[in-house]
Amino acid sequence: MMAVVSSASGLLAMLSEEHPALKLHALHKLNSLVNLFWPEISTSVPAIESLYEDEEFEQRQLAALVVSKVFYYLGELNDSLSYALAAGPMFDISEDSDYAHTLIGKALDESASHKLKSWKKMEEGASIDPRLEAIVERMLEKCILDGKYQQAMGMAIECRRLDKLEEAITWSDNVHGALSYCINLSHSFVYHWEYRCEVLRLLIKIYQGLSSPDYVSICQCLMFLNEPEAVATILEGLLRSGNKDDALLAFQIAFDLVENEQQAFLLCVSNSLLRPKLQVTSLIGNGCVNIACENGSTDAAGISTAAQHIQMTNCSHAPDGALDPVEVAYSENLEKIKGIFSGEMAIKLTLHFLYSHNRSDISILRTIKQSVETRNSVCYSATVCANALMHAGTTVDAFLRENLEWLSKATNWVKFSATAGLGVIHKGHLKQGRSLMAPYLPQTGAAGRGSPYSEGGALYALGLIHANHGEGIKQFLRESLQNTGSEVIQHGACLALGLAALGTAAEDICEEVKNVLYTDSAVAGEAAGISLGLLMAGTGSDKASEMLAYAHDTQHEKIIRGLSLGIALTVYGKEEEADTLIEQLTRDRDPILRYGGMYALALAYRGTANNKAIHHLLHFAISDASDDVRRTAVLVLGFVLYSEPEKTPRIVSLLSKSYNPHVRYGAALAIGISCAGTGLNDAVSLLEPLTSDVVDFVRQGALIAMAMVLVQTNESCNHGVGTFRRQLEMIILDKHENTMSKMGAILASGILDAGGRNVTIRLLSKTRHDRITAVIGLAVFSQYWYWYPLLYFISLSFSTTAFIGLNYDLKVPRFEFLSNAKPSLFEYPQPNTPLTPISTVELSTAVLSTSAKVKSRVKKQEKQKATAEKAAAEDVFASSSSGKGTKAGEKDTESMQPSNTPEKKAEPEPSFQILTNPARVVPSQENYIRFLVGSRYVPVKLEPSGFVLLKDLQPAEAEVLALTDAPSSSRGACRTAGVQLSSGSSAMAIDGEPQPPQAFEFSA
């Protein structure tokens, strides 16, 4: 029987013996018992340390290991790690114990910290303990040999060992999966821009070395690295291969890049694509094209460059050998892909989808209109805005048509907003946008013709229509800005130019906007400051310093506020590169500039969940002297955390219960921004009590935020949706409700059903890149606290919830696919059943006791009379049922008997749904989308939503196309220029439609 050791005193006494073998024996025993007797052993640590320091002692490393373990149990992790490093190979990294796991984690953290410091000082390997590197090296090799590749990749990225990262990826069983995992790691956990770029360049190198490179992922990485020429080279190769599948892949890459909304990058890619030897002058249809030779002359085969129609397949009228079919195909495909990069193709298809699938409930707007007094300009303007959001991009303006007289009562800035709302309704109508707004736009030589408010609003509407796609309208907007001296028109023109040229940093436009800024007009200057930020969004331009200097010089708060937001927009996505400017803003004595500093900090670190940024924002949220700064510091947490929305409710939970209403409002909007479109239960639970807050503007913010969270969510997915809709309606109908709360409820109604119930708010693309236009749109939208016309910027964040499959000709073929979930989970909300206002409910009349007695007596007499009549009828029936009428009588008797047939039971709901391309697919439905086995069409890239290119497995068969009944120039919904909002107008200007007949008298 083995003796049980009850004390380490005997072993500790052996450490003082002269013979080395006894000391060695004691150390081995102590090493195995240190977890039991570490309090007792800790008294003899100096003796064990002396053995480690004795260079003649053969087992110095074992002594260091024992000391390390003692310090670990004492909680001294730094000393424990130091002695563990001294133990060398004696420190077993494969040991399955808390001691080993803790010290390995500590070693990795120390290595990562040292690497970061040396990287910042640009001193490779400076001050890094080689023993620490040895432990990291051993750990990485062990993970790779054990097949734990994801752990190895995570450690390699954290410790900046790109050589080991490459080794872990290439040794992995699934290289493509490992590369995708690393891309996600780089965006989620690598907080330094330059190092993230190094990681992505390594991943691109590995991708390109594969036998079948993933060009979609490569191009996404190149977009992040801002290398448009490299993207153009890849697309060039795919288009010139002569293979239809490669062309489809190129089209898919183009659509994915367009979704990220980097306008300047897309223009560079499009311009970098090589011009073909044969230029396609036009696409005629059915595969026919107009071809012109590169030099503009007639080629050797005698083909005129002006008007030869060359059939792409089976061309019977083209001379043999006249044209290279590969070059002709490239010419045609190049025109297609440039159409994609311009955004026209995606916008056109989106317009068609939103128009054909519009499910907006106009009865909601009617209820709002009936409950809002025209003299209440806040709620009146909110109603017009709600209509614009509810029909965003649908081109449907039925509500405006029905209420011309009501709309004509708009005055001043309400008129400006009402006109601008048409831009949201017709958003993306690039070709006809200017003609739609023509009745309101400033006319050359027509001074005093119209209201400056409607003209300024019309220019703003043009900016919203052409947001991020303004090549065709920028010149007109510049001329409008140059030819006016009205600050209202300048206000609209500046906002429009910023929207149309978003992120392009066009020098000529910047100069013209700066000229407006330097006039020091408060109204025009505020818009100019925001416009400069929009123009230089994400560029990190040096002009931010000029803007900051002017903000210190001017005396107008509106201009300072516009400039502070504009400065924040210039550092969008710059992360640590923006730290110097952020420091200047956040330390400024002017609270308006500190307020801008909050936006600068949040937008620089947008979607990174960076701990440093979160810490700084929380610090200002609880310590700044200005309520505006505190509110904004909490609000912009939503921009930092939108990539990890589930974290936001936990972070702002305590802030949502703050005594300060500004902080509570900021917490509500932070939830709305970061959790937009998710339907997250934690977010809903946190917002619910805020929708009944005692402070009106807190209720307003909570209602708007709740709508942002629940957009595209029905009651089957979240039971709170129905309750929330009823709550909105009750607030709107309550005549005693505060104006701020009512405004929030009206706007929430518009957001909840935005885009005809076919859009959501999405800040990340399918490839997990931030949608710059969407993020900036929400940032400017949040300024509605100071300026209501900026509400329309929320439309920039709308993303269509659709699956749109496209063939090689970029047409939409009709085919079916599967949604593997109950249809009720993702169906459209049920039509609204309006509540009756409390004031119109008929009250019950008081009933006296004597009246009740009289009614009871009359009722008893009527019952007795009815019994007698029934008995008489039975006698008659009995006498008539004899003889020939027996069978008929029996039949009649049976028909008079109560039916005992059981009611038909409701059929169980199917567990799946067949969808037809194009189809509405909401974000929560994407995981359930499946493609049917044996389908004619197969996607180039497995995507559950968005624009998906399809391979046709049966090209010889005729295709059935969808989206053929699209809004066109002949349709009133698209041609409507809107209502004339001047007080004397009562008709709608409709281009191209017949006028009503003249008045006449009818005589019989």
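Rounding to the nearest 0.5 Å gives a distance of 9.5 Å between CG of Leu764 and CZ of Arg606. Annotation: the span from Leu763 atom CG to Ile673 atom CD1 amounts to 8.5 Å, rounded to 0.5 Å. Atom-to-atom distance recorded for Cys219:SG and Leu257:CG is 6.0 Å, nearest 0.5 angstrom. Summarising the geometry, atom CE belonging to Met390 is positioned 11.0 Å from atom CD1 belonging to Ile425; distances are rounded to the nearest 0.5 Å. Atom CG of residue Leu225 and atom CG of residue Leu200 lie 5.5 Å apart, to the nearest 0.5 angstrom.
In this structure, a donor-acceptor pair under 3.5 Å is present between the side chains of Ser765 and Asn260. Between the side chains of Gln712 and Thr760, no donor-acceptor pair is found at a separation under 3.5 Å. In summary, the side chains of Gln208 and Tyr215 do not present any donor paired with an acceptor at a separation below 3.5 Å, with no hydrogens or angles considered. Looking only at atom types and distance, the side chain of Gln220 has no donor-acceptor partner in the side chain of Asp256 under 3.5 Å away. Side-chain contact of Glu909 with Ser824: a donor-acceptor pair under 3.5 Å is present, judged by distance alone. Residues Gln913 and Tyr928 have side chains that never bring a donor and an acceptor to within less than 3.5 angstrom of each other. Side chain to side chain, Ser342 and Glu471 fail the donor-acceptor criterion of an N or O pair below 3.5 Å. Residues Ser172 and Asn174 bring no donor and acceptor atom of their side chains to less than 3.5 Å of each other. Between the side chains of Glu926 and Ser945, a donor-acceptor pair is found at a separation under 3.5 Å. Judged purely by distance below 3.5 Å, without hydrogens or angles, the side chains of Asn468 and Thr773 pair a donor atom with an acceptor atom. Using a 3.5 Å distance cut-off with no hydrogens or angles, the side chains of Tyr808 and Asn333 do pair a donor with an acceptor.
Minimum interatomic distance between Gly428 and Ile347 (heavy atoms only, all atoms of both residues): O-CG2, 2.8 Å. In terms of heavy-atom proximity, Ile473 sits nearest to Ala500 at CG2-CB, 4.0 Å. Among all heavy-atom pairs drawn from Lys427 and Leu464, the shortest one is CG-O, 3.6 Å. Taking all atoms of both residues into account, the shortest heavy-atom contact from Val759 to Val711 is O-CG2, 3.6 Å. When all heavy atoms are compared, the tightest approach of Leu810 to Leu806 is O-CD2, 4.1 Å. A pairwise comparison of heavy atoms in Val424 and Ser795 identifies CG1-CB, 3.8 Å as the closest pair.
At a threshold of 4.5 Å between non-hydrogen side-chain atoms, the residues Val960 and Phe815 do not count as touching. Residues Ser360 and Val396 have side chains not in contact (no heavy-atom distance under 4.5 Å, counting atoms from C-beta outward). Side-chain contact between Leu949 and Pro939 is absent, with no heavy atoms from C-beta onward closer than 4.5 Å. Looking only at side-chain heavy atoms (C-beta outward), Tyr207 and Ile183 come within less than 4.5 Å of each other. You'll find the side chain of His176 reaches within 4.5 Å of the side chain of Ser212, heavy atoms only. Taking 4.5 Å as the limit, every side-chain heavy atom of Gln432 sits out of range of all side-chain heavy atoms of Arg434. For the pair Glu959/Arg936, a side-chain contact is recorded, criterion being any heavy-atom separation below 4.5 Å from C-beta on. With contacts defined as side-chain heavy-atom distances shorter than 4.5 Å, the pair Asp952/Glu957 does not qualify.
Counting heavy atoms of neighbouring residues, nucleotides and ligands inside a 6.0 Å radius, atom NZ of Lys244 does not exceed 12 of them. Atom CZ of Arg768 has 12 or fewer neighbouring heavy atoms from other residues, nucleotides or ligands inside a 6.0 Å radius. A 6.0 Å sphere centred on NZ of Lys822 holds no more than 12 heavy atoms belonging to other residues, nucleotides or ligands.
A donor-acceptor pair is defined here as one N or O able to donate and one able to accept, closer than 3.5 Å; such a pair exists between the side chain of Asn807 and the backbone of Lys811. Checked by atom type and distance alone, the side chain of Asn271 pairs as donor or acceptor with a backbone atom of Leu267 at under 3.5 Å. No donor-acceptor pair closer than 3.5 Å links the side chain of Thr800 to the backbone N or O of Ala802. The main-chain N or O of Leu266 is never found under 3.5 Å from a side-chain atom of Ser270 such that the two would form a donor-acceptor pair. When atom types are taken as modelled, the side chain of His426 and the backbone of Leu422 share no donor-acceptor pair closer than 3.5 angstrom. Although no hydrogens or angles enter the test, the distance criterion places a donor-acceptor pair under 3.5 Å between the side chain of Asn758 and the main chain of Gly756. For the pair Arg771 (side chain) and Gln262 (backbone), a donor-acceptor distance under 3.5 Å is absent.
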Could you walk me through whether Glu827 and Asn714 satisfy the side-chain hydrogen bond (donor to acceptor under 3.5 Å, both in side chains) test, starting with their C-alpha distance in whole Å, then the side-chain angles of each, then the deciding distance to 0.1 Å, before giving a yes or no? CA-CA 7 Å; Glu827 65 184 359; Asn714 65 18; 5.1 Å; no
Could you walk me through whether Asp809 and Lys336 pass salt bridge (Lys or Arg N to Asp or Glu O under 4.0 Å), step by step? CA-CA 8 Å; Asp809 296 322; Lys336 292 178 184 176; 3.7 Å; yes
Do Tyr330 and Glu236 pass the side-chain hydrogen bond (donor to acceptor under 3.5 Å, both in side chains) test, and can you show the C-alpha distance, the side-chain angles, and the key distance before you say yes or no? CA-CA 9 Å; Tyr330 172 71; Glu236 183 85 17; 2.8 Å; yes
So Glu816 and Ser935, side-chain hydrogen bond (donor to acceptor under 3.5 Å, both in side chains) or not? Walk me through it. CA-CA 8 Å; Glu816 294 180 339; Ser935 175; over 6 Å; no
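A salt bridge is absent between Arg762 and Glu259: the closest approach of a Lys/Arg side-chain nitrogen to an acidic carboxylate oxygen does not fall below 4.0 angstrom. At a threshold of 4.0 Å, the pair Lys431-Glu344 does not count as salt-bridged, since none of the basic side-chain nitrogens sits closer than that to a carboxylate oxygen.
Note: Phe947 and Phe251 fail the aromatic proximity criterion, with ring centroids not under 6.0 Å apart.
Partner Leu179 forms a side-chain contact (heavy atoms from CB on, under 4.5 Å) with one of Leu210, Asp214, Ile218 and no other, that one being Leu210.
Annotation: cation-pi pair Arg920/Tyr828 present, NZ/CZ under 6.0 Å from the ring centroid and within 45° of its normal.
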